[in-house]
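Here the structure comes first, spelled out in structure tokens, and everything after it is commentary.
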Amino acid sequence: MDFTLSDEQLMFAETAETLFYDLVTPEHWRKLMESGDARDAALWNQIVETGLTLIQLPEEAGGLGLGALDFALIAEKAGYVALSEPLVDSAGVAAPMLAALAPDDPVLADPAASIAIQQEEGGLVLDADSAAAIILRKGDQAFVASPDQVTLTRRESIDPMRRLFAVEWDDSKVQPLGQADWDLALDRGAIFAAAQGLGLAQRAVDMAVEYAKERQQFGKPIGSYQAVKHHLSTAQTAIEFARPVVLAAAATLESGDIQSRARISHAKIVALEAADVAARTSIQVHGAMGYSWEVDVHLFLKRALALTSAWGTPYFHRQRVAARLFTQPVGPSTTFARENENG
Amino acid sequence: MKLGFSAADEAFRQECAAWLQEQMDGPFADIRGITNLVSKVDRRRLWEQQLAAHGWSCIGWPKAWGGRDATLAQQVIFAEEYARAGAPNRINHIGVELAGPTILAFGTEEQKAKFLPGIAAGTDIWCQGYSEPNAGSDLANVRTKARLDGDEWVVNGQKVWTSLAHFSDWIFVIARSEEGSQGPKGLTFLMMKMGQPGIEVVPIGQMNGEAEFNETFFTDARCPADSLIGSVGDGWRVAMGLLAFERGVSTLAQQMQFRNELDAIIAAAKANGMASDGVVRSRIAKAEVGLRLMRYGALRMLSNTDLSAIDGAALTYKIQWATWRRDLGELAMDVLGQAGEVVDGDNYHWPMLPNMYLFSRSDTIYGGTNQIQRNLIAERGLGLPREPRGNL
């Protein structure tokens with residue numbers, strides 16, 4: 001039992017943090033929103049050069065073959081800057097699936113190529129137009145296509161930096177990949193969404209804390225008043241308790257058993273709840289400024305909203321937890337020790 | 001990062017589980033499963049002495065003082081197995097978890113030799129004299145006075161909400177030793193013998209019909225001059241240092257009790273059909289998720305070896321579990337329906353879930369209210385400015 005992170009894990013996370021904090025600035029967000037571009041070329045090049053797209057890719061496919069925990073730490077940093085470049089779903093979910101089904105696919109050989117993935121049959125696909133390959137779903141079967149083999153229609157997201165597409169496709173014109181492990185994809189997508197949620201939440205609180213220290217009313221910083229600081233404490237508490245379960249869930253994701261699946265659901269629910277409460281609190285603390293387009297807090301509220309529904313809604317994940325609770329025996333001999341068995 | 005335990009740890013688990021099981025099946029079956037701190041106290045004193053006789057009373061302490069120098073993982077395992085076996089809540093948890101570690105950290109060698117063996121042996125039960133009628137959330141507003149009279153301290157004043165004072169052997173007290181001082185300055189931390197003529201204990205009834213806490217009156221109560229921890233006027237630092245020990249491994253044992261309570265709710269929901277109600281299922285799932293959060297939060301917190309750093313998890317732990325359990329109490333009563341309203345017998349003695357509902361109303365108050373916790377999180381954790389206090 002050990003909750004400490006390895007030096008390698010911390011080093012990758014720190015590299016990502018430095019890169020993101022330098023380049024993913026409010027000016028960067030404004031530029032992407034105004035241009036409608038999928039990515040900033042300079043930023044994407046640096047993401048690729050630092051190896052962030054290779055973390056979850058197996059070594060046989062030219063990747064680093066690291067685990068979900070390593071990538072979750074990167075996703076958390078991506079959440080902190082509301083990254084909209086297609087790193088998390090592409091490198092965290094789509095690339096490992098393609099590597100499992102078609103290890104020789106040339107797209108995998110290009111670390112700068114992004115891969116989009118359809119979460120559920122008929123569902124919208126994130127960043128489909130800029131992807132080198134799109135993984136599509138029909139039943140349990142997976143297919144891969146390039147954007148020009150399918151018809152893409154942009155669908156506006158409530159999150160102005162999220163680029164969603166409806167996909168029309170003919171399965172005779174795309175390449176079949178056979179049966180895929182969609183449960184694993186869901187677990188990966190959910191845990192990396194949860195990790196992003198932690199980052200979103202912390203950023204929303206940090207922004208509000210800064211503002212509450214500066215903004216004065218009745219002759220004092222508003223952050224000195226309990227009516228204000230208590231909201232922020234509640235949000236920070238949610239983050240503090242979401243983070244260990246996200247890390248624990250990521251650390252055991254690969255085992256894919258009933259306990260680790262439940263842990264993913266716990267993490268997905270609470271991390272996005274933390275992001276939601278933090279963003280709502282941050283808006284309230286910012287007062288009328290918080291409702292304005294100019295102050296960036298709304299971007300975090302909207303990203304939290306979008307990620308809450310992505311990779312399994314809270315309802316879906318709660319049902320997964322409830323199903324396990326009501327079908328498994330309860331009692332002292334079945335509780336905490338058992339979950340340690342797969343650790 | 002690793003969630004599981006090593007083979008050596010699992011062997012240790014087998015060892016303590018077997019011993020606890022044997023005790024709870026055999027000689028101490030009559031006190032199995034007691035969660036309150038007031039029933040069958042005499043039997044429970046014997047139980048804690050039995051723990052001590054077999055080296056299980058304070059395993060995290062140094063070997064030299066009756067402990068086992070147990071690793072964190074071993075302490076976690078013992079806490080889990082203790083709760084799993086249904087062993088009763090420790091009536092001397094204040095001695096083992098608070099007084100002992102404080103004496104180990106801040107006490108002199110003479111004080112260690114005087115006080116630690118009795119705690120380790122389970123013969124000296126301790127209580128905590130902090131709160132007063134006018135020093136609750138504003139704890140530093142202590143008015144109880146301590147005056148040095150020759151080779152003795154003489155203490156006058158009143159403490160309140162003193163849990164277990166009615167059967168404790170010792171009490172630690174923060175008292176104002178400097179005439180005219182205010183707030184955290186001028187306080188001294190004293191260890192006093194209970195049962196002396198100058199200390200009167202009056203139980204306070206609780207809304208669940210039990211009486212775990214008391215008013216404690218000091219009228220020329222006495223203790224030797226060397227009964228202080230730290231130096232004269234330095235009591236606040238010791239008192240706050242002690243509170244840091246409250247985030248100990250016992251939180252994990254507490255979670256096993258919570259686990260039992262949630263399992264009882266699930267069983268009740270299955271039995272009365274509420275388990276098929278979608279809203280109830282969702283609330284139960286939410287409670288389950290909350291319990292897991294606490295577990296990983298506690299493990300993460302306990303893994304933090306740098307105790308000097310401000311630890312976000314440690315700052316937020318109290319409000320998290322207290323609020324979770326208050327919600328659990330509400331869930332329990334909603335699941336039970338009318339069955340939660342009536343009790344068999346005439347003693348106002350409640351079964352686990354209704355009792356937990358009543359007790360849980362105190363969780364967000366004692367040990368620092370939710371409101372005080374939020375101040376601490378905001379000011380120490382987030383660095384927000386202090387709200388001006390009236391008396392400082």
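Here is how names work: the chains are called A, B, and so on, in the same order as the sequence lines, proteins then strands, and each is numbered from 1.
- Heavy atoms only, all atoms of each residue included: I284(B) and F326(A) are closest at CD1-CZ, 3.7 Å.
- The closest side-chain heavy-atom distance from R374(B) to K229(A) is not below 4.5 Å.
- Contact count versus chain A (heavy atoms, under 4.5 Å) is highest, among A285(B), S282(B), P385(B), A378(B), for P385(B).
- The distance from the CG atom of L325(A) to the CG atom of L262(B) is 6.5 Å, given to the nearest 0.5 Å.
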**Asked** Should R263(A) and Y296(B) be marked as a side chain to side chain donor-acceptor pair (under 3.5 Å) after you check the CA-CA gap, both sets of side-chain angles, and the distance that decides it?
**Response** CA-CA 11 Å; R263(A) 216 173 273 135; Y296(B) 297 119; 2.6 Å; yes

**side chain to side chain donor-acceptor pair (under 3.5 Å) between N370(B) and H230(A), worked out** = CA-CA 9 Å; N370(B) 274 14; H230(A) 284 191; over 6 Å; no

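- Annotation: maximal heavy-atom pairing with chain B below 4.5 Å, among R318(A), H317(A), Q9(A), occurs at R318(A).
- Q226(A) contributes atom CD, which lies 12.0 Å from atom CG of L384(B) (distance to the nearest 0.5 angstrom).
- Around atom OH of Y315(A), no more than 12 heavy atoms belonging to other residues, nucleotides or ligands sit under 6.0 Å away.
- Contacts with chain B were tallied for L5(A), L247(A), V228(A), I269(A); L247(A) has the most, counting heavy-atom pairs under 4.5 Å.
- Atom CD of Q284(A) is surrounded by 12 or fewer heavy atoms from other residues, nucleotides or ligands within 6.0 Å.
- Looking only at heavy-atom pairs under 4.5 Å with chain B, the residue among A323(A), A251(A), S233(A) that has the most is S233(A).
- Annotation: side chain of E387(B) is not in contact with side chain of K220(A) (no heavy-atom distance under 4.5 Å).
- Looking at T237(A), both its backbone and its side chain come within 4.5 Å of chain B, counting heavy atoms on both sides.
- Few gaps surround CD on E254(A); more than 12 heavy atoms of other groups in view lie less than 6.0 Å from it.
- Smallest separation of non-hydrogen atoms from F241(A) and Q320(B): CE1-CB, 3.5 Å.
- Contact of Q371(B) with chain A is made through backbone and side chain together, with heavy-atom distances under 4.5 Å.
- For the atom pair CD1 of I377(B) and OG1 of T234(A), the computed distance is 7.0 Å after rounding to the nearest 0.5 Å.
- Summarising the geometry of V209(A) relative to L382(B), their closest heavy-atom pair is CG1-O, 3.5 Å, with the distance given to 0.1 Å.
- For the atom pair CD (E379(B)) and OG (S224(A)), the distance works out to 9.0 Å, reported to the nearest 0.5 Å.
- Each of H266(A), K213(A), Q236(A) has some count of heavy-atom pairs under 4.5 Å with chain B, and the biggest count is that of H266(A).
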